[in-house]
Amino acid sequence: QVQLVESGGGLVQAGASLRVSCAASGRTFSRYAMGWFRQARGKERDFVAAISRRGEVTYYADSVKDRFAISRDNAKNTVYLQMNSLKPEDTAVYYCAASSLVPVALASSEYDYWGQGTQVTVSS
């Protein structure tokens, strides 16, 4: 099993940057594909970004491509989401997820572990 704890959320102005982190417990972090999802109030949880077990493959939602970057440090058991040029529509709770099922995962159904989420609010 793995436990995930997100951090780094907050309130920023439009155009600003923010980096959220997700720390994982355990010694097998490199066996998990990792991803970020977000859920705005009243909406469904949406895919944001994914990274493969060793970090060589990444995927992004069209809405964040060229603005967000996912990365991981397997020595620190941590995955990051660097968010640049933030927009008010990026406001959401951001969730970190881990998948033991596939080498890289885009669908929420492919993830078996989830963090509690961190709130990101972008003011206009």
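Starting from 1, each residue takes its place in the sequence as its number.
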### Query
Which heavy atom of Val2 sits nearest a heavy atom of Ala24, and at what distance?
CG2-CB, 3.7 Å

### Query
Do Leu81 and Tyr113 belong together in a cluster built from hydrophobic side chains that touch within less than 4.5 Å?
yes

### Query
When rounded to the nearest 0.5 angstrom, what is the spacing between CZ in Arg67 and CG in Leu86?
6.5 Å

### Query
How far apart are the closest heavy atoms of Val120 and Met83, and which atoms are they?
CG2-CE, 3.9 Å

### Query
With a 4.5 Å limit on heavy-atom distance, are the side chains of Arg53 and Ser30 in contact?
no

#### Entry: Value rounded to 0.5 Å, distance of OG in Ser21 from OH in Tyr94
14.5 Å

### Task
Could you grab the distance from atom CG of Asp90 to atom OG1 of Thr121, nearest 0.5 Å is fine?
11.0 Å

### Query
Is any side-chain heavy atom of Gln82 less than 4.5 Å from a side-chain heavy atom of Ser17?
yes

### Query
With the 4.5 Å side-chain cut-off for hydrophobic clustering, are Val12 and Val93 part of the same group?
no

### Rounded distance [0.5 Å steps], CD in Gln116 versus SG in Cys22
11.0 Å

### Query
What heavy-atom pair brings Leu4 and Cys96 nearest, and what distance separates the two atoms?
CD1-O, 3.7 Å

### Query
Do Tyr95 and Tyr80 belong together in a cluster built from hydrophobic side chains that touch within less than 4.5 Å?
no

### Task
Enter the distance from Lys87:NZ to Ser85:OG here, rounded to the nearest 0.5 Å.
8.0 Å

### Query
At their closest point, which heavy atom of Gly9 faces which heavy atom of Val20, and how far apart are they?
N-CG1, 3.9 Å

### Option among Leu106, Val48, Ile51 that satisfies the side chain to side chain contact (heavy atoms under 4.5 Å, CB included) test with Tyr59
Leu106

### Query
For Glu89, does the CD atom have more than 12 heavy-atom neighbours from other residues, nucleotides or ligands under 6.0 Å away?
yes

### Nearest atoms (heavy-atom pairs only) where Ala105 meets Ala50
O-CB, 3.1 Å

### Query
Is the CD atom of Glu44 crowded by more than 12 outside heavy atoms at less than 6.0 Å?
no

### Query
Between Tyr111 and Phe37, is the ring centre distance below 6.0 Å?
yes

### Message
Which heavy atom of Asp112 sits nearest to which heavy atom of Ser99, and what is that distance?
### Response
OD1-CA, 3.3 Å

### Task
Working to the nearest 0.5 Å, report the span between OH of Tyr60 and CZ of Phe47.
9.0 Å

### Task
Report yes if some heavy atom in the side chain of Thr91 is under 4.5 Å from a heavy atom in the side chain of Gln119; otherwise report no.
yes

### Message
For the backbone of Phe29 and the side chain of Arg72, can you confirm whether one donor and one acceptor N or O come within less than 3.5 Å of each other?
### Response
yes

